[in-house]
Amino acid sequence: MNSIDFLPWDENFDTGLPTVDAEHRRLVQMINALASHVAFRTDVPQLEAMFDELAAYAVHHFQSEEAVWHEQLAGEEDEANHRQAHAKFVDQMLHIRAGEDSPGTTRAAERTLAFLAGWLISHILESDRYMACMVLALRAGLGHEEARRQARAQMAKDSRLLADLVLSINATPTTNALHLISEVTELRRAQAELRRESEKNQALLRSASDGVHVLDTKGNIVEASDSFCTMLGCSREEILGSNIARWDTGYAAAKGKLAWLPDAANAQRRVVRGIYRRKDGSPIAVDVNGVPLTIEGQTLFFYSARDVSALVKMESVLKRQAEFTNCLVEAMGDGIGVCHDTPTPPYVRFTVWNPAMQELTGYSLSAVNEKGWQCALPVEEARQQEARQRARRMRRGDHLRGEEWTIRCSSGERRTLQVHSTFVQPLGGGLHVLLVLRDVTARKAAEQLVQHQRDLAQFYLDTVQSLMLALDCEGRITMINRAGRELLGYTGDELLGRSWFSTCLPQTKGIEHSLPFFQRIIAGELRTNLAGEDMVLCRDGSQRLIGWKTAPLIDDAGRIVGTLSSGADITERRAAEQELERYRTHLEALVGQRTLELSAAKEAAETANRAKSDFLSSMSHELRTPMNAIIGFAQMLEYDGDLNADQHDSVHEILKASRHLLDLINEVLDLARIESGRIELALEATDVAAVVDDCRHLVEPLAAPCGITLLIDVPAGTWVTADRVRLKQALLNLLSNAVKYNRAQGRIHLVVQTRQSERGARTRIGVADTGIGIAAERLNEVFQPFTRLLGEQSEIEGTGIGLTITKRLIELMGGEIGAESEVGAGSRFWVELPNASVQRPDDHSNVSPGAGTQVLPASDERRVLCIDDNPSNLKLMTQILGRRADLRLLAAHAPQLGIDLALAHRPHLILLDINMPGMDGYEVLAVLQRDPVTNRIPVIAITANALVSDIERGRAAGFRDYITKPIDVTAFLRVVEEALQYQR
């Protein structure tokens, strides 16, 4: 029987796996035999048997093929997908056979044959070849990812060849159809059969997978496949009869002629890339090939068009990727070159040579290919043989990883290059070498400079007589100088890199004692220079005591990277110290016998002191002071049955004093706290003008005898947050100093200003005088305790703690204090306090009268001066004596201020507290008795010191009377009246 090659075999079908290729050939043979039987109308039962045999062999082939894939690709996604494709093929075959109306007809055989041929061709050319590429790569020793990349690259490279094969196979049905028509004509010679064959050919053409279309000589479409209609998005009726110029953009470009015509005399077909236009106007990239054919004297052109839009898109992506890669290579700062071997001189040809490579060597791509790489990259004379060995190693497949070459550029400059190489496989095939050169000339020069500096530093360290030691964070020795090496008996190589604590320190002390101390330094817990001692273990087994000073080593980033220690051998010194210690102990034993009496006396004194402290704890002076307020204010309530506003205030003071008393009972046990002078402040909104006005009344009598003018500049409605009593005390101290250290006929200017700062709105109260001033270099000393810069060379009395107390009070109220001075021009002291947000009604009685000279008015009233540092006591005195209209009370919060007020106002009676800071009542009494102005003024002591010895001491000192707290108001008023009568 005649046979046809329905599916011609080509060597490009080969996968490289003999078992798989043999089975593929057998499948193709069976398909061709089945096609021959179909073409020549073999009996249907025989066709059924052949189909069954072909299907069984396909299943056998799938199984044997899957065994090959499983051997290398077990568990891989590609193997699973391939196995699923086989299963889908079997399912599709069953579906096709079951879907025919008459499975035993020739029509069913033709459709099944078409599916078998199309599916197997696509499967063998694409999927099987891809799997075979992976298996061969894995057998060659590549990893799975590398094998997958190589298989994809191989398939991409062969895409052009596979397209030609598919086009060749797709053209076969037309040739086979013509051949079948000729054979059937000769055998059947029947017109009806020819008609049936023609219809079959038409159906075959219309069902072709590619876009087949037939043109006449004028370019009109006379026939088209279904796939061509689908490709253009039209129905067959819209396409048939239309001119190709409507769809082929190249036809219009050729001015009404086909872009190309198949040569009837040349059987070789060629493929042309063109652009077709869909019905909606969108372009579509196609690969077109065609053959001319003359039928009954009419020339027709059979074209096959394949949609390659996806391929064109992929090629565009690849092109952009290539352009991107080229841009990266061009922009790289490192020199990049790609080369391969050539059979002719210079035997190495570069295909990539970026600008950085040209800058490094001084040669262009053409120059290096002309001269050869050994001339373009000439290594130094002594290492040329080594360079040739490198080249041989690279040809054998070795890679260079950071080796350094020193070359001479075309300009003669020497450069050190760091070389990296690897192998690349371009799409065109072959094996190329990728070279990356980095200029490390500057780095090498810097390293040499650093090494020189290290050598110089080591030389300096070796000249030092002390032991110098550097450790890293693990305690390993990174540097030890000559003195250290000689002391320990080791060479430098024997010590560097070894653990200091296990090598040079006696165990177990080195690990258990010294190592934890070192670890604390590394952890940042100890960052200052630390002194310590360690016994070190020498190589000969002897031990020496070293006194160390250790500090952490910190890098530029602020991290601790180790320690640096300097040490001195103190073995002999420590032995001498121990000997001296023995002598000292012996002497102490001798002296001890002679100091027994002194020790006994000391013990007695300490016992007495402890007894005194115990007594003070139980009978505290501070305990009696609030009792005075409690009883005093309570007694004031007895004068009137109905409580007025003043009495309400007295009740409030009673409660306040009782709370204070409770606090004192708790605090009295802590003597240190009592002696610390800790005070409590009552911060509230305070009218600055009212406080300044109070101070003015007290200071004006002090200033008048010296002719000093007091100027006041206080805006109305200025309020600050402060303790009113303590603020008044601070301002009085500044004003009294301005009087004491001023010139005769001088001036004092008090100015109040409000300003905005980072801390909010604040009020500054400045007191400026026209005194002798203070030197700038000593200005900060004025706030130190017991410092009297202006009184050092004068007879002005004072303790030197007034400004210290003032500074502390202002700071406790959240304020600041400062001073400015100019020698010969005067001084200006200022305090600054936060503004108060509380608005108070205007009180015109407290507003400062303004600037101007104030004269002390004459008065016939009886003046009583009370000197007490306790504000509660002063307030109690104010209320007790305020009941008498003929008395005017002057209050002083500090001893020196009380003396100044006594000299200025010459009161008729002075009430004096005993226990006051800086100067007690006895010292104040002595000052008053020495001055002829005040020595005749009666002074009454009002104190909480209630012991009989205290009372006797007070009367002996010259007090007219001695009143103990808490006072009895009636008795107190009687004593005051008697004292005032004595003055009349």
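- Looking at heavy atoms from C-beta onward, L803 lies in side-chain contact with F829 at the 4.5 angstrom threshold.
- Looking only at side-chain heavy atoms (C-beta outward), I748 and T709 stay at 4.5 Å or farther from each other.
- At a threshold of 4.5 Å between non-hydrogen side-chain atoms, the residues D868 and M877 do not count as touching.
- Side-chain atoms of T943 never come within 3.5 Å of backbone atoms of A941 as a donor-acceptor pair (strictly under, hydrogens ignored).
- Residues G824 and R743 approach most closely at O-NH2, 3.3 Å, considering heavy atoms.
- In this structure, R953 satisfies the cation-pi test against Y922, with its NZ or CZ atom closer than 6.0 Å to the six-membered ring centre and inside 45 degrees of the ring normal.
- Scanning both residues, A891 and L874, for their nearest heavy atoms gives CB-CD2, 4.1 Å.
- Inter-residue side-chain proximity for M916 and V924 is flagged as met; some heavy-atom pair is nearer than 4.5 Å.
- The pair E978-R960 does not count as a salt bridge, with every side-chain nitrogen at least 4.0 angstrom from each carboxylate oxygen.
- Of all non-hydrogen atoms in S821 and G826, the two that sit nearest each other are OG-O, 3.2 Å.
- Side chains of D713 and L750 form no contact here, defined as non-hydrogen atoms less than 4.5 Å apart.
- There is no side-chain donor-acceptor pair under 3.5 Å between N742 and D769.
- In summary, R759 and E816 engage in a salt bridge, as defined by a charged side-chain N under 4.0 Å from a carboxylate O.
- Taking each heavy atom of R724 and A690 in turn, the nearest pair found is NH1-CB, 3.8 Å.
- To the nearest 0.5 Å, atoms CD (Q753) and CH2 (W830) are separated by 12.0 Å.
- R696 has a carboxylate O that lies under 4.0 Å from a charged side-chain N of D693, or vice versa, which qualifies the two as a salt bridge.
- The neighbour count for R955 CZ, taken as heavy atoms of other residues, nucleotides or ligands under 6.0 Å away, is above 12.
- Under a 3.5 Å cut-off, the side chain of R863 and the backbone N or O of R906 do form a donor-acceptor pair.
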What's the verdict on side-chain contact (heavy atoms from CB on, under 4.5 Å) for V782 and I774, showing C-alpha distance, side-chain angles and the deciding distance? CA-CA 9 Å; V782 298; I774 304 170; 3.7 Å; yes

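- The side-chain heavy atoms of L890 and C866, taken from C-beta on, include no pair separated by under 4.5 Å.
- Of all heavy-atom pairs between G773 and S827, the closest is CA-OG, 3.6 Å.
- Taking CD1 of I914 as the start and CG of L925 as the end, the distance is 8.0 Å to the nearest 0.5 Å.
- Other residues, nucleotides and ligands place more than 12 heavy atoms under 6.0 Å from the CZ atom of R764.
- How far CD1 of I712 is from NE2 of H749: 8.0 Å, rounded to the nearest 0.5 Å.
- Residue S736 comes nearest to L897 through the heavy atom pair CB-CD1, 4.5 Å, listed as atom of the first residue, atom of the second, then distance.
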Given side-chain contact (heavy atoms from CB on, under 4.5 Å), test L727 with T686 step by step and report yes or no. CA-CA 9 Å; L727 176 59; T686 302; 4.3 Å; yes

If you apply the rule side-chain contact (heavy atoms from CB on, under 4.5 Å), what do you find for H893 with V725, and how did you get there? CA-CA 9 Å; H893 304 81; V725 174; 3.4 Å; yes

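- V976 is listed as a side-chain neighbour of L980, based on a closest heavy-atom distance under 4.5 Å.
- Of the inter-residue distances, the one linking L734 atom CG with I810 atom CD1 reads 7.5 Å to the nearest 0.5 angstrom.
- With 3.5 Å as the limit, one finds a donor-acceptor pair spanning the side chains of T763 and N835.
- In summary, R974 and D961 do not engage in a salt bridge, as defined by a charged side-chain N under 4.0 Å from a carboxylate O.
- Summarising the geometry, atom NZ belonging to K728 is positioned 6.0 Å from atom SG belonging to C695; distances are rounded to the nearest 0.5 Å.
- At distances below 3.5 Å, at least one donor-acceptor pair connects side-chain atoms of E923 with backbone N or O atoms of D920.
- Between D913 and I867, every side-chain heavy-atom pair lies at or beyond the 4.5 Å cut-off.
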Give the intermediate values and the outcome of side-chain contact (heavy atoms from CB on, under 4.5 Å) for residues I940 and V975. CA-CA 9 Å; I940 298 175; V975 171; 3.6 Å; yes

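- Side-chain contact check for Q896 and D900: at least one donor-acceptor pair (N or O, by modelled atom type) lies under 3.5 Å.
- Taking 4.0 Å as the cut-off between side-chain N and carboxylate O, R862 and E977 do not count as a salt-bridged pair.
- Atoms OG1 and CD1, from T934 and I899 in turn, are 8.5 Å apart once rounded to the nearest 0.5 Å.
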